[in-house]
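Counting starts at 1 for both ligands and their atoms, in listed order.
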Amino acid sequence: MRLVPSDDLAVLLNIINVNVSSIQQIYAKHGGTPIPSLSEPYKLLAFEPELVDATNLVTAAATQLVAILRPPITSLLAAVGGQHITTSLGVAEAMNISEILSEAGPIGLHATEIAKKADTDASKIGRILRLLSTAHIFQEVAPNVFANNRLSSVLTSGKNIEEIKKDGMANKYNKPGDPGFPALIGFFTDEVTKSGAYLREYMTNPAECKSIDMAHTPFNIAFNTEGNMFTWFREPSNASRLVRFNAAMRGSSNAGSITILDAFDWNSVTDGVIVDIGGGIGSSSLMLAKEYSHLNIIVQDTESVVKDGHAYWQREYTEALSDGRVKLQTHDFFTPQPIKNAAVFFLRRVLHNWPAEEAKVILKALRASATPNTKLILLENIVPYAIVGLEQNTPGDEVPVLPAPLLPNLGAVNLQCYFADMHMMLLLNSQERTLGDWTALMDVTGWQLVDIKRVKADTMSSLIFRPV
Ligand SMILES: C[S@@+](CC[C@H](N)C(=O)[O-])C[C@H]1O[C@@H](n2cnc3c(N)ncnc32)[C@H](O)[C@@H]1O
């Protein structure tokens, strides 16, 4: 029997101790504030970036310690039960529980009152909220009385419950300045989770799971549809789901990963336009337009998304449209790219939606319209292996060397990357890619990797290519 080296436990405990102390010192340095308790609503702190490294190390070490110490069956049952947390979270988001509770403040609201406001069953919503409170999402402040906490406060859309009821789901996700987190949680706990329920059927049917067709997925089984997810979203009956999906994409731009602002040295662009391809409603381009007034930007997407994009820009930054600095354009990226003077072709979380054959068509269309100076920037995950001791550094990388026994991908910290890979498998028969997958795809489409930029140990990276 191989025993856990006693050093491993000591190292993990030490990582936790040292980094919790660092976090306390960072808070002390910023006005002597103590670390906010779980009961407090979440506030984004100006000095938050400094906390990322320390928080990541505590998270990785604490989860690894639990995996070592807890009986395996308990850990497996906890993993199984994760589905109830997912679906309960989906209920809380769909029924606007966080909005209901934010009106009640810290004293909270009895399940009976919550049920009245949400028009649901009191006993069941109480049990759902107790489960979530046990997972530190919401808190039970007296028997059957629930209040928001640090985690659940993020679910609040900023609209009050009467406004949401009056205006419906589409409007819930369209509040100016809304970071898009409720929509992100809504999409993950609805379309994604329902698709995940059919992964077993899919993987045990060779004809289905070996298909490279992006409309052969667990999503197609779950929603009984023959088209791919994007064509399904364009069906009129799914209009409000599309609004939520677009807002969810905005939420994913705000979820702490590298953004368009860190993706490139934008001051170096003196000529030509930035083309944000498959740019959605333009949430990344909005950040760029606000920060760099010298850039001309074209956001391209499908017709219905461009329509939503116009409403979004008119609300958020109408001057950029009226002075012509930003244009929204309907363009199918499988057809020749009309912009021939691009300084940058920018694609954020687009290629991960497409299996290799489709991705090649998109990349070749861009290559055919590139000038010798055009840069192609992908904001995508680079999937790390979970192998201890494998050299994974890449050009431009500043991935810290982690002390053993921590996994080199920081374990629980970077689960989002592997979750995203599962989402791609479930929804679109696509995938997140390792660095080798990326270079193989780019080599055959005429693009050469010149740089990689990352923020901290995040797997979301900016991959910068030039034409060859
Ligand atoms: C995952 S979203 C990413 C959106 C945006 N880049 C972002 O980061 O928020 C992929 C986008 O590709 C768009 N898309 C799908 N098929 C397309 C096509 N054939 N031509 C242009 N855009 C398309 C979708 O409408 C969607 O907005």
query = Would one find an N or O of R234, backbone or side chain, under 3.5 Å from an N or O of ligand 1?
reply = no
task = Could you give me the CA-CA distance, side-chain angles and deciding distance for S153 and N148, then say whether side-chain hydrogen bond (donor to acceptor under 3.5 Å, both in side chains) is met?
result = CA-CA 6 Å; S153 66; N148 273 328; over 6 Å; no
request  = Report yes or no: does a heavy atom of F346 sit under 4.0 Å from some atom of ligand 1?
outcome  = no
query = Taking atom 11 (C) of ligand 1 as the point of reference, which of G180, G278, S283 owns the nearest heavy atom?
reply = G278
inquiry  = Can you confirm whether or not the ring centre of W232 sits under 6.0 Å from the ring centre of F245?
reply    = no
inquiry  = Would V350 count as being in polar contact with ligand 1, using the rule that some N or O on each side must be under 3.5 angstrom apart?
reply    = no
query = Which part of N353 is near ligand 1, with near meaning a heavy atom under 4.0 Å away: side chain, backbone, both or neither?
reply = side chain
message = Please confirm whether the ring centroid of F138 lies under 6.0 Å from the ring centroid of F146.
response = no
key: Distance filter under 4.0 Å to V305 heavy atoms, resulting ligand 1 atoms   = 25 (O)
inquiry  = With rounding to the nearest 0.5 angstrom, report the CD to OG distance, E380 to S462.
reply    = 10.5 Å
request  = Determine whether the aromatic ring centres of F465 and W438 lie less than 6.0 Å apart.
outcome  = no
key: Lys/Arg N to Asp/Glu carboxylate O, R244 vs E191, below 4.0 Å   = yes
query = Taking the non-hydrogen atoms of H331, is any one of them nearer than 4.0 angstrom to ligand 1?
reply = yes
ask   = Is S284 near ligand 1, meaning one of its heavy atoms is under 4.0 Å from it?
value = no
From the candidates R348, E303, E380, the one that places a heavy atom nearest atom 9 (O) of ligand 1 = R348
query = N/O of H352 under 3.5 Å from N/O of ligand 1, yes or no?
reply = no
query = If you measure only the distance, is there a donor-acceptor pair under 3.5 Å linking the side chains of Y312 and N246?
reply = no
task = With atom 22 (N) of ligand 1 as the reference point, say which of F245, F233, F333 has the nearest heavy atom.
result = F333
ask   = For ligand 1, which atoms have a heavy atom of G280 less than 4.0 angstrom away?
value = 4 (C), 5 (C), 27 (O)
ask   = Based purely on interatomic distance, does F230 place a nitrogen or oxygen under 3.5 Å from a nitrogen or oxygen of ligand 1?
value = no
ask   = So is D332 polar-close to ligand 1, meaning N/O to N/O under 3.5 Å?
value = yes
remark   = In ligand 1, the atoms that come under 4.0 Å of a heavy atom of F334 are 19 (N)
message = Return the NE2 to CG distance between H30 and L51, rounded to the nearest 0.5 Å.
response = 8.0 Å
query = Below 6.0 angstrom between ring centroids: does that apply to F188 and H423?
reply = yes
ask   = So, D276 and R348, do they make that salt bridge, N to O below 4.0 Å?
value = no
